[in-house]
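Quick notes on the structure that follows.
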Amino acid sequence: FEANNFYPDFIMWIIHEGKQYVNFIDPKGLRQIRGFNSSKIAFHTLLKEKIQKKLNTPDVELNSFILSSTPLHELDFWQGGQTYDDFEKHNVFFLDRGASEYLPKLIEKAITVNGENNGN
């Protein structure tokens, strides 16, 4: 991948209503990452703006996600004041919240078209 050392551990491939959603998922700690501009966090934007456009296949959507093993309260050294919603906007979910909390949100975002849910 083009992002510095982004090597996702999982690929979740969903076929839904004639469209393929290829989702790259990387569980990792965020202690060494210093903000939303980090290449690993910002990869979801790069993936859409460069790689998906280059692919130029309308029935394939690419997404990437980080599952943080670092709890949110341990990230107070960041710029401060970030909420779970702020991280979710950047495709980061927290494992300590439990699968019943983050997994439905991740799957909903996983079946998006150009960053917008397709209504399903």
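Counting begins at 1 with the first residue of the sequence. Values reported hereafter were calculated over all heavy atoms of this structure, with side chains retained and with hydrogens, waters and symmetry mates removed.
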Are H90 and Q82 close enough, and set up right, to give a side chain to side chain contact (heavy atoms under 4.5 Å, CB included), and what steps lead you there? CA-CA 11 Å; H90 291 88; Q82 288 89 1; over 6 Å; no
Can you name the residues that form a ring pair (Phe, Tyr, Trp, His ring centres under 6.0 Å) with Y84, not counting sequence neighbours? F94
Interatomic distance, L30 atom CG to S38 atom OG [nearest 0.5 angstrom]: 8.5 Å
Looking at side-chain heavy atoms only, is the closest gap between L67 and V92 below 4.5 Å? no
Would you say that D9 contacts I25 through its side chain, given a criterion of any heavy-atom pair below 4.5 Å between the two side chains? no
V22 and I14, any side-chain heavy atoms less than 4.5 Å apart: no
Full working for side chain to side chain contact (heavy atoms under 4.5 Å, CB included) between M12 and L106: CA-CA 11 Å; M12 179 174 57; L106 187 148; 3.5 Å; yes
Less than 4.5 Å apart, side chain to side chain, heavy atoms only: is that true for N91 and K109? yes
Which of parallel (below 30°), tilted (30 to 60°) and perpendicular (above 60°) describes Y21 and H16? tilted
Answer with yes or no after comparing the ring centroid distance for F10 and F24 against a 6.0 Å cut-off, counting only values under it. no
Mind checking the CD-OG spacing from E74 to S69? Nearest 0.5 Å is all I need. 9.0 Å
Do Q20 and E61 pair up side chain to side chain, a donor and an acceptor below 3.5 Å, judged on atom types alone? no
Only one of K40, K48, H44 passes side-chain contact (heavy atoms from CB on, under 4.5 Å) with S64, and that residue is H44
Any donor-acceptor pair under 3.5 Å from T70 side chain to G29 backbone: no
Can you tell if the side chain of I41 reaches within under 4.5 Å of the side chain of I66, non-hydrogen atoms only? yes
Measuring from F43:CZ to N63:CG, what's the distance to the nearest 0.5 Å? 10.5 Å
Main-chain N/O of D59 paired to T57 side chain as donor or acceptor, under 3.5 Å: no
Looking at side-chain heavy atoms only, is the closest gap between F93 and F65 below 4.5 Å? yes
Charged N to carboxylate O under 4.0 angstrom, K54 versus E49? no
Heavy-atom side-chain proximity of D96 to Y102 below 4.5 angstrom: no
Would you say the side chain of L62 lies within less than 4.5 Å of the side chain of L55, judging by non-hydrogen atoms? yes
